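Contents: one structure, followed by commentary.
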Amino acid sequence: MLRATDVSVAYGDETVFRDLSVEVEAGEVLAVIGPSGVGKTTLLRLLALAAEPDGGRVALDGVDPWARSASERLALRRRVGMVFQEASLFDASVARNVEYGLRVRRSWTDRLGSLFGRGVPDAVREALDVVGLADETRRHADSLSGGEAQRVSFARALAYEPDALLLDEPTSDLDPRNTAVIEEAIGEARDRGIGVALATHDMHQAERVADRVAVLLDDGITEMGPTEVVFEDPANERTRKFISGELVY
């Protein structure tokens with residue numbers, strides 16, 4: 001569904017990765033693990049269709065956004081949701097924050113109607129219920145804890161039912177309770193048929209939530225496969241050393 005084929009990215013003379021290929025299928029969770037600074041966020045930006053690779057191709061359902069017009073590329077981008085490491089919420093209520101993704105995907109007539117309409121859309125309530133905040137629609141974003149804010153960010157991305165959902169270290173600063181809620185929400189997204197790519201440095205989290213794991217080391221993926229196989233019987237020696245803690249960065 002969402003596929004990068006032989007992509008290369010460099011910043012000046014520094015190569016981030018070269019000839020990297022990875023795919024995210026509908027209804028699965030792919031965890032991308034690797035040390036800090038290896039390029040996990042860069043890879044997610046490529047998959048989000050937010051950055052063009054220096055070489056290779058990224059496609060959503062076989063369509064290359066960089067070969068299309070700006071308006072067509074925007075329509076493709078709107079089929080992909082992303083949650084960042086830090087929540088970025090608007091100066092508004094929880095409900096208005098979660099509804100934002102729905103509004104920008106509507107026609108201008110529908111947008112104006114939502115501004116002056118009453119009530120919370122069902123999709124917003126359902127998304128907030130997934131993250132355990134269904135009763136907090138009227139709370140202002142400023143009153144939320146860090147963990148609650150991240151849960152609202154997840155609900156905002158889930159509410160418009162994206163084809164793919166990209167998560168960049170979404171629980172790195174959260175306590176165990178909020179981490180558990182987000183991980184349960186990842187499972188719910190998968191059950192809805194959404195393809196999820198999770199970049200994380202927490203290998204235990206990858207074992208808990210992922211169907212497949214891609215190990216990103218140096219300038220490429222050293223191994224990708226079913227979670228149990230990658231963690232228990234990796235074929236690549238560098239993968240084995242990284243997972244066992246022998247390979248230190």
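None of these values were measured; they are calculated from a predicted model.
- In terms of modelled atom types and a separation under 3.5 Å, the side chain of R77 and the main chain of L49 share a donor-acceptor contact.
- For the atom pair T200 OG1 and Q85 CD, the distance stands at 10.0 Å (nearest 0.5 Å).
- The closest side-chain donor-acceptor pair between Q205 and T171 falls under 3.5 angstrom.
- Contact between A31 and A206 at its shortest, heavy atoms only, is CB-CB, 3.8 Å.
- No donor-acceptor pair closer than 3.5 Å links the side chain of T15 to the backbone N or O of F17.
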Validation: residues 56-63 side-chain donor-acceptor distances under 3.5 Å, sequence neighbours left out:
| residue | atom | partner | partner atom | Å |
| --- | --- | --- | --- | --- |
| R57 | NH2 | G62 | O | 2.8 |
| D61 | OD2 | R79 | NH2 | 2.5 |

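- Remark: side-chain polar atoms of N236 are not paired, donor with acceptor, to backbone N or O of E223 under 3.5 angstrom.
- Salt bridge R96/E99: present, at least one basic N to carboxylate O contact under 4.0 Å.
- With hydrogens and angles disregarded, no donor-acceptor distance shorter than 3.5 Å links the side chain of Q150 to the backbone of G147.
- At distances below 3.5 Å, at least one donor-acceptor pair connects side-chain atoms of T227 with backbone N or O atoms of D211.
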Would you sort out whether R212 and E25 count as a salt bridge (Lys or Arg N to Asp or Glu O under 4.0 Å), showing the intermediate values?
-> CA-CA 10 Å; R212 291 190 302 129; E25 299 292 345; 5.9 Å; no

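- Interatomic distance, CD of E237 versus CZ of F242, reported as 14.5 Å (0.5 Å rounding).
- A side-chain donor-acceptor contact under 3.5 Å links R151 to the backbone of V131.
- Using a distance-only test at 3.5 Å, with no hydrogens or angles considered, no donor-acceptor pair links the side chain of D168 to the main chain of T41.
- Side-chain atoms of E232 do not come within 3.5 Å of backbone N or O of V229 as any donor-acceptor pair.
- Inspection of the D6 and S21 side chains reveals an N or O donor paired with an N or O acceptor under 3.5 Å.
- For the side-chain contact (heavy atoms from CB on, under 4.5 Å) with T222, the lone residue among L216, L217, V230 that qualifies is L217.
- Rounded to the nearest 0.5 angstrom, R156 CZ and M82 CE are separated by 13.0 Å.
- Side-chain N or O atoms of S143 include none that pairs as donor or acceptor with a backbone N or O of R139 at under 3.5 Å.
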